[in-house]
Amino acid sequence: MADNARAKRLADLIREVVAQKLQRGIKDPRLGSHVTITDTRVTGDLREATVFYTVYGDEEERKAAAAGLESAKGVLRSAVGAAAGVKFTPTLTFVADALPDTAKTIEDLLDKARQSDAKVREVSAGADYAGGADPYRKPDDADETDDAAE
């Protein structure tokens, strides 16, 4: 079992090598310049690596990029093996990163909250306080009410 620091270094190396190879070494038109490697994780035994990627474009381009990455898996693994110099080159698994979809969902929820806040501000713009501007009793007020009761 390798230590976590070694797995982290190998994951960083895999991310850099795969990104450079996709940018310069692979001529597949499905991959183009719209594929971005976002993260890489390596198992503790350094045998398997999961590479997370995002694709700029619509659903059709995402499917094409996934197929392109699957077909280029061998070339990419060879490049990783040459750069890493480890006894066993990790197998590569490509997973589409859900980060852009999650970010869009969060942005939509924040927009909805902003609109709700704006509506509340509009409704409360001309409103008065229910019990006056300062609804709390002060010591002076309590003395005056006691004197008036007598």
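All values below come from the heavy atoms of this structure, side chains included, with hydrogens, waters and symmetry mates left out.
Residues Arg62 and Glu59 are paired through a salt bridge, judged by an N-O separation under 4.0 Å between the basic side chain and the carboxylate.
Considering all non-hydrogen atoms of both residues, Tyr53 and Ala66 come closest at OH-CB, 3.4 Å. In this structure, Ala65 and Val55 approach most closely via the heavy-atom pair CB-CG2, 3.6 Å.
In this structure, Leu109 CG and Arg114 CZ are separated by 11.0 Å, a value rounded to the nearest 0.5 Å. Summarising the geometry, atom CZ belonging to Phe94 is positioned 8.5 Å from atom OG1 belonging to Thr40; distances are rounded to the nearest 0.5 Å. Annotation: the span from Thr89 atom OG1 to Arg47 atom CZ amounts to 10.5 Å, rounded to 0.5 Å. Distance check: Thr105 OG1 to Leu110 CG gives 11.0 Å after rounding to the nearest 0.5 Å. Here the CZ atom belonging to Arg77 is positioned 15.5 Å from the NZ atom belonging to Lys21, to the nearest 0.5 angstrom.
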May I have the step-by-step check of salt bridge (charged side-chain N to carboxylate O under 4.0 Å, His left out) for Glu60 and Lys63, ending in yes or no? CA-CA 5 Å; Glu60 184 178 314; Lys63 289 180 182 178; over 6 Å; no
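Counting heavy atoms from C-beta on, the side chains of Phe52 and Arg41 come closer than 4.5 Å. Using a 4.5 Å heavy-atom cutoff, the side chains of Thr36 and Asp97 are not in contact. Between Val123 and Lys119, the closest side-chain pair of non-hydrogen atoms is not below 4.5 Å. Using a 4.5 Å heavy-atom threshold, the side chains of Leu69 and Leu22 count as touching.
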Distance-only criterion, 3.5 Å: show the donor-acceptor pairs between side-chain atoms of residues 11-18 and protein atoms not counting sequence neighbours.
unit_1 : atom_1 : unit_2 : atom_2 : d
Asp12  : OD1    : Lys8   : NZ     : 3.2
Asp12  : OD1    : Arg15  : NH1    : 3.2

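Exactly one residue among Asp39, Thr50, Val51 makes a side chain to side chain contact (heavy atoms under 4.5 Å, CB included) with Val95. That residue is Thr50.
With sequence neighbours left out, Glu122 forms a side chain to side chain contact (heavy atoms under 4.5 Å, CB included) with no residue at all.
The backbone N or O of Gly74 lies less than 3.5 Å from a partner atom in the side chain of Ser78, making a donor-acceptor pair.
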